[in-house]
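First comes the structure, then the notes that go with it.
So that the names make sense, note that chain A is the first sequence line, chain B the second, and so on, each numbered from 1. Here the structure is a predicted model, which means the values were calculated and not measured.
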2 protein chains.
Amino acid sequence: MRPTEKPFTLTAQKVSCGRCCLRELCAPIDVTPQQEDLLHALVKQQHLSIRRGDHLYRGGMPFHSLFAIHTGSFKTYMLTDDGRERVEGFYLSGDMLGMDGISGDTYTLSAVALEDTGICVLPFHRLEELTRESPVVQRQFHRMMSREILRDKGIMMMLGQMTAEERLAAFLLNLSQRYEARGFSATELSLRMSRQDIANYLGLKPETVSRLLSRFQDDGIIAISGKNVHIVHIDRLRAVLGFGDGIYFDQLP
Amino acid sequence: MRPTEKPFTLTAQKVSCGRCCLRELCAPIDVTPQQEDLLHALVKQQHLSIRRGDHLYRGGMPFHSLFAIHTGSFKTYMLTDDGRERVEGFYLSGDMLGMDGISGDTYTLSAVALEDTGICVLPFHRLEELTRESPVVQRQFHRMMSREILRDKGIMMMLGQMTAEERLAAFLLNLSQRYEARGFSATELSLRMSRQDIANYLGLKPETVSRLLSRFQDDGIIAISGKNVHIVHIDRLRAVLGFGDGIYFDQLP
DNA sequence: ACAAAAAAATGACTTAGGTCAAGCGGCTCT
DNA sequence: AGAGCCGCTTGACCTAAGTCATTTTTTTGT
C-alpha cells in the first residue's frame with residue numbers, strides 16, 4: 001500500500017530559522033522579546049529537510065513533536081480503511097503541523113511534502129514546559145489549537161453545503177489570501193498540489209475540478225497554465241460565493 | 001433572524017456535579033485524587049441550567065469559559081453570511097463545549113440545548129492556571145483539544161467521500177457508540193434533534209434523511225417510531241459502511 | 001533530448017440526491 | 001381537550017456532479 005521510500009529520520013541540520021516559522025505561535029500579539037528568545041531557542045534545536053514526495057510523519061507513528069514549516073508546503077491526509085486517502089489540508093510556510101498527534105500517542109494523519117521543504121521541530125514536551133512557564137506563550141499555543149479547530153469547522157461548512165463551483169472558488173480565494181499574508185501575490189498562484197489532491201480535498205472528482213477550472217477560464221475569471229493560476233477578476237471569484245468578501249472556509253493566517 | 005429569548009445569564013445554582021461532567025478532562029488516565037479535587041473545585045463554582053431551545057452561548061459573544069455538559073444534549077451551529085445555519089455537531093453529557101472561542105475573544109459557534117440541560121462552567125483563565133500547575137492536567141487538556149480536531153477531521157472525511165446512505169449509517173452508529181459509552185443502550189436511541197438538524201449536519205436534505213430512515217426500516221435494519229430508533233441489526237448497519245467495525249467519524253468518548 | 005508514463009482536459013452518458021408539491025401525524029398552546 | 005401548526009413522510013420529476021472513455025499535455029527518467 002505504502003510506497004517504499006527512505007525511512008523517517010531526524011536529519012539535524014544547521015539551517016537558520018527565521019522568525020517566520022513561528023508565525024503561529026508568536027503572531028499576532030505581544031510575546032516579549034525575552035519570550036520570543038525562549039521560543040526560538042526551543043525551535044532552533046532541530047531542523048529537517050524533507051524532499052518533495054517524502055513524509056514528515058505518517059499516521060501510526062509515535063507522536064513526539066509539532067512541526068513549523070519554514071519553507072515549502074505540505075498536504076496532510078488520512079487513510080481510509082480500504083486504503084484510499086482523504087486529503088485533509090494544505091499547509092504553507094509558517095503553518096504548524098502535527099496537532100493531530102497530541103490526543104493519542106501516535107499521529108493520526110500523514111503529512112507529505114509537496115515540494116522540497118525545510119521545517120523546524122518543536123519537541124512537544126519542551127513546548128508544554130514552556131507554556132507552563134509563560135502564560136502568554138500558553139495562551140498563544142491554545143489559540144493556535146483552537147484556530148485549527150475553527151479551520152476544520154470552516155471546511156466542514158464548505159463540504160456540507162457548497163456546490164462544486166463554490167468550493168473551487170473558495171479554495172482559490174483561500175489560497176490567494178494565504179499567499180498574500182505571506183507576502184506573495186494574491187493573484188498569481190502556483191498550485192503545488194495535483195488536481196487529484198484538490199478534488200479530493202474539496203470532496204469532488206478530478207474531472208469536475210478540471211471542468212470548473214476551464215469554465216472559470218472561459219468566463220475570463222482566471223487564466224490557467226498548468227500549475228500556475230492567474231486570478232484576473234478576484235471580485236467575480238468572490239461573487240461566485242454569493243457574498244462580498246470576508247474569510248472563506250479556512251482562517252489560518 | 002434570531003428569535004427573541006431570554007438573554008444569556010449565569011444563573012448560579014446549587015447543583016451537585018458528579019464526576020461525569022469532567023469525563024473529558026479526567027478520563028481516561030491517571031489524574032491523582034489531589035488533582036481531581038482541584039478540577040472539581042474549579043468546576044464546582046458555577047452551574048447553569050439551560051432550557052430546551054435556549055442558547056448556552058452564541059457566535060460573537062465574548063469568550064470566557066468552557067462548558068462541561070452535566071446532563072442533556074446540545075447542538076452547535078455556525079451562521080452563514082446569508083443567515084442560514086450549518087449544524088457542526090451534537091454534544092452529549094460529559095462532552096466539552098466552547099473550544100471554538102479560545103482562538104479569538106469571542107465564541108464562533110452557537111450552542112443551543114436540545115432538551116433541558118445542566119452544565120458546569122470552567123472559567124478559561126482558571127483552567128489555564130491549573131494546567132500551568134499540573135503537567136498531567138495540562139496534557140489532558142491538550143489531548144481534549146486535539147481530540148476535537150480529530151473529531152472534525154473525521155466529519156470532514158464523512159462529508160468528503162461518503163454517500164448519503166453511509167453518512168446516515170455512520171451517524172446512527174456514532175450515536176449508538178456514544179450512548180453506550182455513557183451507560184445507555186447501544187440499540188435504543190432517542191434522537192433529541194430534528195430530522196432537519198440531522199440532515200444539515202450530514203450535508204443532506206431532510207427529505208433524503210427521511211427516505212433513508214424509511215429504507216433502513218423497510219430493510220429491517222432499524223425500527224423507527226418518531227424520535228425513537230431501535231437498531232435491530234447493528235452488524236448490517238455496519239455493513240452499510242463497508243467495513244466491520246471500529247470508530248466511525250467522530251471519536252468523542 | 002527523447003520516449004514512456006503520468007496527469008489533465010474534454011465529451012457522452014448516468015445517477016444519487018435535490019427540488020417541488022401534497023398529504024399525514026404528533027406537539028404545543030390556549 | 002381540541003385546534004392549529006410545524007415537522008415528517010412520500011411521490012414525481014430534475015439537475016449537478018459522477019462515471020467511463022478518449023485525447024492532449026506535462027512530467028519524469030534515461
Distance check, rounded to the nearest 0.5 Å: [X] atom [atom1] versus [Y] atom [atom2]?
| X | Y | atom1 | atom2 | value |
| --- | --- | --- | --- | --- |
| A/Arg147 | A/Met96 | CZ | CE | 9.5 Å |
| B/Leu202 | B/Thr208 | CG | OG1 | 10.5 Å |
| B/Asp116 | B/Ser49 | CG | OG | 8.5 Å |

Using a 3.5 Å distance criterion without hydrogens, assess whether the side chain of [X] forms a donor-acceptor pair with backbone atoms of [Y].
| X | Y | result |
| --- | --- | --- |
| A/Arg178 | A/Leu173 | no |
| B/Arg195 | B/Pro206 | no |
| B/Thr76 | B/Ala111 | no |

Between [atom2] on [N] and [atom1] on [X], what's the gap in Å once rounded to a whole number?
| X | N | atom1 | atom2 | value |
| --- | --- | --- | --- | --- |
| B/Glu165 | C/dG18 | CD | C1' | 17 Å |
| B/Lys205 | D/dC13 | NZ | P | 22 Å |
| B/Arg192 | C/dC27 | CZ | P | 14 Å |
| B/Met193 | D/dC8 | CE | C1' | 16 Å |
| B/Met162 | C/dG17 | CE | P | 13 Å |
| B/Ile198 | D/dG7 | CD1 | P | 14 Å |
| B/Arg195 | D/dC6 | CZ | P | 19 Å |
| A/Leu204 | D/dG18 | CG | P | 5 Å |

Checklist outcome for this item: Taken in chain and number order and not counting sequence neighbours, the residues that satisfy side chain to side chain contact (heavy atoms under 4.5 Å, CB included) with A/Glu115 are A/Ser73, A/Thr117, A/Arg192
Item to check | B/Ile119 side chain near B/His70 side chain, heavy-atom distance below 4.5 Å | outcome: no
Checklist entry - Among residues 207-234 of chain A, which contact DNA chain D at a heavy-atom distance under 4.0 Å? => result A/Glu207, A/Thr208, A/Arg211
Checklist outcome for this item: Angle separating the five-pair end axes of the helix from C/dA1-D/dT30 to C/dT30-D/dA1, nearest 10°, is 70°
Checklist entry - Do B/Phe67 and B/Tyr57 have their ring centres less than 6.0 Å from each other? => result yes
Next on the checklist: Quick check for you: among C/dT28, D/dT28, D/dA17, whose closest atom lies nearest to any side-chain atom of B/Arg52?
Outcome noted: C/dT28
